[in-house]
S.K.: 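Provided herewith is a single structure, encoded as structure tokens, for subsequent inquiry.
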Protein chains: 2
Amino acid sequence: MVTLKDVAAACGVSPATVSRALNATGDNPSRHVRYIRHVADNMGYRPNAAARALKTNRSDNIGILYEDVMQHEYFSSLIEGLRLGAEKRGYDLTFLARHFDGEGKVYVAEAEYRSLDGIIVVQADYASSRILSLTGCGLPTVVVDNRLEGCGTVFSDNAAGMEKLVRHVASLGHRRVAFIGGDEGSVTSLRLGGFYKGCAESGIRAAPEWIFHAHYRDPQSCFGALDSILMGDVKPTCILFPDDFCCIGAISALAARGIRVPEDISIAGYDGVEMGRLMKPALTTYRQDSDGMADLAIQMLTDAISRGEQSVSGIATAEGSLVEGETVRMIGG
Amino acid sequence: MVTLKDVAAACGVSPATVSRALNATGDNPSRHVRYIRHVADNMGYRPNAAARALKTNRSDNIGILYEDVMQHEYFSSLIEGLRLGAEKRGYDLTFLARHFDGEGKVYVAEAEYRSLDGIIVVQADYASSRILSLTGCGLPTVVVDNRLEGCGTVFSDNAAGMEKLVRHVASLGHRRVAFIGGDEGSVTSLRLGGFYKGCAESGIRAAPEWIFHAHYRDPQSCFGALDSILMGDVKPTCILFPDDFCCIGAISALAARGIRVPEDISIAGYDGVEMGRLMKPALTTYRQDSDGMADLAIQMLTDAISRGEQSVSGIATAEGSLVEGETVRMIGG
DNA sequence: ATACGGAGTGAAAACGATTGCAAACGGGAG
DNA sequence: CTCCCGTTTGCAATCGTTTTCACTCCGTAT
């Protein structure tokens, strides 16, 4: 392993000079600096992250914290986006391991231990108490799709997206629209607000009997809601699902009852998964901009880091886009 | 931040003693050692990873390297499995960033820079030249579903799995079976071998005109193959797809032609994604044991690390399981 | 009683980088 | 030629651990 000292010897200068030459940020480096850099390159010098972190307390490393979300395509693409964003800005990404202590899982200690520069929290459930303990830790933190005291936040446009979806559905003539989701403490509860607003603006009555609770990406509770809907006297012409996964699954559940989509009933999902584009009829859904969210999150975080701040403030929202598929059909006015 | 020295002062001993007390591995620690540990705990002492790494050249940190696979449910659950396995054994997981140099992406340098203890490679494509440069780097490396000189390997039971699938299909009476996949340099080429073997053992003629090339998880090439199959004079009774994603997509493509699954044609996928269980008819497929593979990989790697070896040898295979769905129907003998 | 071996401890030297401080240097003005 | 001021450089300390080496202490064998 070639060290600063080796490069210094090769250049006939002191290690301090080499360090400065390599870290200098000026726009037009002097001949001497260029020479040192050239030699360092040639020798294959790479700084030692541990030594640097020890001295500076910085690691160019961001911790990422999530729970049980990897299987969701939306989240895994979000995480991939985080990685790309971090890479672009010269940071690495480390999974924050959950080392146990007496009372629960400890993330902060881990982050400190590794001298991480910041933390990104990706979590489907709101306000996990384990996460809450992060907020006071003096490390800049950005939370995705969640609101946490003292942390920066990046939201998907949950309310606005659902609103757009409702309008779209309304524009195709639907007046009896059911909503599945709105689970307390999940993003779908934010969307419920958008649903109400969209209904109000489109002159649709948001009938309480057509609003059903279900968890995000939980087919079980979702199909339960579907059952209730189908057992009602008056049936909706369109059902909005909490996520694409459940929505696609529902097509089969409906087919098993002899109900065709979209001929007999229209449906729409939420997320914008790849399968939705592939299938026939193509899924009508709202595509969350996971790449945009990821990049915003990393940007907020790295900005705060490079300003040397201990916390991140501010809220940003990434706008998604309506995906007009074929699962919502036009119905007679 | 509380350091070794602080603990030492509080205990009235030297830092060296504290270090030894905390790192001692003996089964029954002496009273004195227990006391030091107690004090350290109480003071909230956490070792500094950077200092430790600097001194020992170990980081309890494993690098993970992959390309463009995050969107695949199989891969993201594999990565989640890796994380869990690493966590279980006291390691963290860091994404290996791809810093560029003149000729391509450089992973090794990054791994060295962070003094990573080992590397796990997850990659759909065989023999990427970028990866190859890893092998000589003196870091223990385990490759998933791939064979690379000087690296440990964990395989999914590609051939055996496909063989089982073929037998299952044969046992339901199918004699005309088409195979899509077998792409050079991808895992599906291994499965092609299993296909031949399964056919041979089941007395099925593996007809070359029913073997079609397609990339893994590439609907485009897959549907092209499907077209060819459907245009043939004699049609197969069952089609085996390279992955569940394409297979599920194919159901729609078939439906668009008025072909029903499984009444008119039987199909099976490969991977075992969640959606397959949810849909109706439930997807017949072969579920790869991604958790098992991940755990094997981490175990091989951490074993080598703790033995202080510079490379990993050995090949392990994780056995998957046949998922008998409803997309392959029994046909008349 | 003396010598010896083992266990435990402390002092101090690393590991490889950054950085405050002071000295050396270089260029322009007088 | 000298002086002054701004820039560059080197020295040395430091970050928090681990680890070697020498030493002490104590129990046991001779």
Side-chain angles (χ1 to χ4, degrees), chain A residues 1-37 39-40 43-61 90 109-117 306 308, chain B residues 1-37 39-40 43-61 90 109-117 306 308:
Chain A
M1 186 178 203
V2 35
T3 74
L4 254 198
K5 220 192 276 186
D6 301 330
V7 178
C11 292
V13 297
S14 77
T17 306
V18 177
S19 171
R20 279 186 279 246
L22 297 181
N23 292 342
T25 166
D27 21 338
N28 56 337
S30 75
R31 238 183 63 75
H32 200 178
V33 166
R34 283 206 311 275
Y35 171 71
I36 292 179
R37 286 184 184 168
V39 172
M43 297 178 70
Y45 168 76
R46 299 238 79 197
N48 179 309
R52 180 178 275 175
L54 176 59
K55 184 63 184 155
T56 62
N57 261 321
R58 294 197 38 207
S59 58
D60 293 325
N61 209 167
E110 176 68 15
E112 238 177 45
Y113 167 64
R114 295 254 178 231
S115 20
L116 298 177
D117 295 340
S306 55
Chain B
M1 185 179 204
V2 35
T3 74
L4 255 199
K5 219 193 278 186
D6 300 331
V7 178
C11 292
V13 297
S14 77
T17 304
V18 178
S19 171
R20 278 186 281 247
L22 297 180
N23 292 342
T25 164
D27 21 338
N28 56 338
S30 75
R31 237 182 64 74
H32 199 176
V33 166
R34 284 206 309 276
Y35 171 70
I36 292 179
R37 286 185 183 168
V39 172
M43 296 177 71
Y45 168 75
R46 299 238 78 197
N48 179 310
R52 180 177 278 176
L54 176 60
K55 188 64 187 154
T56 62
N57 261 322
R58 295 196 36 207
S59 58
D60 293 325
N61 210 168
E110 176 69 16
E112 237 178 45
Y113 167 64
R114 295 255 179 229
S115 22
L116 298 178
D117 294 340
S306 55

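Just so you know, these numbers come straight off a predicted model, no measurement behind them. By convention in this document, chain letters (A, B, ...) are assigned in the order of the sequence lines, proteins followed by strands, and residues within each chain are numbered from 1.
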S.K.: Please state how far atom OH in B:Tyr113 lies from atom P in C:dA17, giving the value in whole angstrom units.
M.R.: 10 Å
S.K.: Rounded off to whole Å, could you give me the CZ-to-P distance for the B:Arg114 and C:dA17 pair?
M.R.: 14 Å
S.K.: State, with a plain yes or no, whether a side-chain heavy atom of A:Arg20 is found less than 4.5 Å away from one of A:Val13.
M.R.: no
S.K.: Would you tabulate the pairs of protein nitrogen or oxygen atoms and nucleotide nitrogen or oxygen atoms of nucleotides 7-14 of chain C closer than 3.5 angstrom?
M.R.:
residue : atom : partner : partner atom : Å
C:dT9   : OP1  : B:His32 : ND1          : 2.9
C:dG10  : OP2  : B:Ser14 : N            : 3.0
C:dG10  : OP2  : B:Ser14 : OG           : 3.2
C:dG10  : OP2  : B:Thr17 : OG1          : 2.4
C:dG10  : N7   : B:Arg20 : NH2          : 2.8
C:dG10  : O6   : B:Arg20 : NH1          : 3.3
C:dG10  : O6   : B:Arg20 : NH2          : 3.2
C:dA14  : N3   : B:Lys55 : NZ           : 2.9

S.K.: Determine the minimum heavy-atom distance between B:Asp117 and B:Ser59, stating which atoms define it.
M.R.: OD1-N, 2.9 Å
S.K.: Quick check on D:dT17: is either OP1 or OP2 less than 4.0 Å from any side-chain nitrogen or oxygen of B:Tyr45?
M.R.: yes
S.K.: Can you tell me how far CG of A:Leu54 sits from CG of B:Asn48, rounded to the nearest 0.5 angstrom?
M.R.: 6.0 Å
S.K.: From CG of B:Asp60 over to P of D:dT17, roughly how many Å is that when rounded to an integer?
M.R.: 14 Å
S.K.: Within less than 4.0 Å of OP1 or OP2 of D:dG16, is there a side-chain N or O belonging to B:Arg52?
M.R.: no
S.K.: If every non-hydrogen atom of B:Pro47 is compared with every non-hydrogen atom of A:Tyr113, which pair is closest and at what distance?
M.R.: O-CD1, 2.8 Å
S.K.: Could you tell me if the side chain of B:Arg31 sits less than 4.5 Å from the side chain of B:Arg34, heavy atoms only?
M.R.: yes
S.K.: What is the separation between atom CE on B:Met1 and atom P on D:dT14, rounded to the nearest whole Å?
M.R.: 18 Å
S.K.: When you compare the side chain of B:Leu22 with that of B:Tyr45, does any pair of heavy atoms fall below 4.5 Å?
M.R.: yes
S.K.: What is the distance, rounded to the nearest whole Å, between atom CG of B:Asn48 and atom P of D:dC15?
M.R.: 12 Å
S.K.: Kindly say if A:Asn57 contacts the phosphate of D:dC15, meaning a side-chain N or O under 4.0 Å from OP1 or OP2.
M.R.: no
S.K.: Measure from CZ on A:Arg58 to P on C:dT18 and round the result to the nearest Å.
M.R.: 11 Å
S.K.: Atom CG of A:Asn23 and atom P of D:dT8: how far apart are they, to the nearest Å?
M.R.: 15 Å
S.K.: If I take atom NZ in residue A:Lys5 and atom P in nucleotide C:dT18, what distance separates them, rounded to the nearest angstrom?
M.R.: 14 Å
S.K.: To 10°, what angle do the rotation axes through the five end pairs on each side of the helix from C:dA1-D:dT30 to C:dG30-D:dC1 form?
M.R.: 60°
S.K.: Please report the interatomic distance CZ(A:Arg58) to CG(A:Asp60), rounded to the nearest 0.5 Å.
M.R.: 5.0 Å
S.K.: Taking only N and O in the side chain of A:Ser19, is any of them less than 4.0 Å away from OP1 or OP2 of C:dT18?
M.R.: yes
S.K.: With side chains defined as the heavy atoms from C-beta onward, is the minimum distance between B:Asp6 and B:Met43 less than 4.5 Å?
M.R.: yes
S.K.: Would you call A:Pro15 and A:Val18 a side-chain contact if the rule is heavy atoms closer than 4.5 Å?
M.R.: no
